[in-house]
Amino acid sequence: MNILETTIKAQELFSGFELCRLQEQETQVLADRLRSRKITIAVIGQFKRGKTTLINSILGSKLLPVGIVPITAAITRIEYAPDAAPGTPDAAPNGEAAAVDGETATATVFFTNGLSEQVPVSDLHEYISEQENHDNERGVAEVELLTDAEFLKGGLTLVDTPGVGSVHEQNSKSAMDFARESDGVIFMLSVDSPLNQIEVDFLRKVRRFAGKFYFAVNKIDRVDEDELEEYLEYCRSLIVGIMELDDEEAKALKLLPISARKGTGVSELTELIREDLLTRGTEIMERSVGLKLLEILNNTRSQISSYREVLKMAPNVFNRRFKEMSLLLHDQREKIDSLEEGTYLRARLNEEKALLTRKVRELFGIEYYYYVDREDAAELMDRDEFAAELTAVYDELESTINSIFMYKEENAYAVARRIEDLNILIHDMRKLTRQIERELAAK
Ligand SMILES: Nc1nc2c(ncn2[C@@H]2O[C@H](COP(=O)(O)OP(=O)(O)OP(=O)(O)O)[C@@H](O)[C@H]2O)c(=O)[nH]1
Ligand SMILES: [Mg+2]
């Protein structure tokens, strides 16, 4: 069996369980990614290391805002589109990439409530930068930028992320969340600061999901050659330890000295990535999907175990929480009638789903999944339609909770049978976990 087949197998297993809809969806996304062969590489690192400057340098134009204070507050995905030519940059006197007109590249801002908006690239800073979108008050979930940069041709998505450890990191999807969605990571260090604990902790966690790491050491224009050598040696030994590299892997570890601002070393980095994608793109992708599948299986096992605990929950505790959930659903239903026509009701529906997801997690420790429709979020919906959809959402949750309730009420036999089913699911997931571990080890 290969990774794709194992992923499909996991998806089939999840599809048989109402409780595993989220996992079914996640494994579907993984399988689609493997089939599409589109690779995502995220630039990650502490704030102010020069991540955004590097991306601008790779794209050959100053599309994204950079600065001396923490800037990037939202995930920005950059993809190739042949028609989105961002104009010809003029030469800039200070050696930095020049600003471009920006009106011809296409940028779309996706908001957390599911709405989205096309904005001129020259206005992107209003959504991406921490100063202008303080504490993400605009509710930006993600930004998508389409440009015709040569490097992205062939299906590579490059992603700019907020600095790890910045006070603003938690505002939207964090770099860590995004690392889960990437196949490769360019990890940015810079010579003006030693590797610190936040970076060490981050690397330890993120090495569990990324199929490939590139370590870039930025701002080399600030030091002389000897200082650079010393810094590289220092980083190398730390990284070998953090990533638990064996002798062979340690020998192959490359640290890429660059100056994102001046452009030094950037083409060596892009060449290396291009070469890897050409010669071992599939392997990188499979490794990354395999690692993520492993993560999903492990998390789900613990989650299903907690669902099993709900079934075993003492009747008085369960009844209290069941009542609280029923009351919440009842109150929410009451509010439907007072909603005004003309607001973005579909976005409102998404907000309601998020609230219920949070509540179910809080009360029962179960991850309840709703599909949030971004595509349609901006479509106007009339009030009756909205009321019907929202009622359906409430009904569905109520019936799930009721079915747990019934299992608990019915008789000891039904509960035991249900627990038995879950044991089988856990057993099958263990088997798949071992399978995927074998496949990864063979790579
Ligand atoms: N000297 C020097 N400065 C650089 C270099 N690359 C970036 N900088 C500067 O470092 C500062 C931070 O750059 P950004 O690209 O905004 O850094 P970032 O990692 O994206 O920061 P956050 O988005 O806040 O996480 C800016 O003032 C840049 O001009 C470089 O190669 N050399
Ligand atoms: Mg940045």
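Counting convention: from 1, in listed order, for ligands and their atoms alike.
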Report task. Kindly identify the option in Asn218, Thr76, Asp221, Val266 whose heavy atom sits closest to atom 6 (N) of ligand 1. Result -> Asn218
Between [X] and [Y], does at least one N-O distance fall below 4.0 Å, as a salt bridge requires?
| X | Y | result |
| --- | --- | --- |
| Glu352 | Arg348 | yes |
| Arg21 | Glu24 | no |
| Glu271 | Arg274 | yes |
| Glu117 | Arg138 | no |

Using distance alone, decide if ligand 1 has a nitrogen or oxygen within less than 3.5 Å of any nitrogen or oxygen in [X].
| X | answer |
| --- | --- |
| Ser259 | yes |
| Ala260 | yes |
| Phe47 | no |
| Arg261 | yes |

Give the numbers and elements of all ligand 1 atoms closer than 4.0 Å to a heavy atom of [X].
| X | answer |
| --- | --- |
| Thr53 | 6 (N), 7 (C), 13 (O), 14 (P), 15 (O), 28 (C) |
| Gly163 | 25 (O) |
| Gly50 | 7 (C), 13 (O), 14 (P), 15 (O), 17 (O), 18 (P), 19 (O) |
| Arg49 | 19 (O) |
| Lys51 | 15 (O), 17 (O), 18 (P), 19 (O), 20 (O), 21 (O), 22 (P), 25 (O) |

Taking the side chain from [X] and the backbone from [Y], do they hold a donor-acceptor pair closer than 3.5 Å?
| X | Y | result |
| --- | --- | --- |
| Ser259 | Lys262 | yes |
| Asp246 | Ala250 | no |
| Asn218 | Ser190 | no |

Query raised in the report: Are any N, O or S atoms from Thr161 nearer to the Mg ion (ligand 2) than 2.8 Å?
Result: no
Query - Shortest non-hydrogen contact between Ser193 and Arg49, atoms and distance - result: OG-NH2, 3.2 Å
Report task. For ligand 1, indicate whether the residue Arg222 contacts it via side chain, backbone, both or neither (heavy-atom separation under 4.0 Å). Result -> side chain
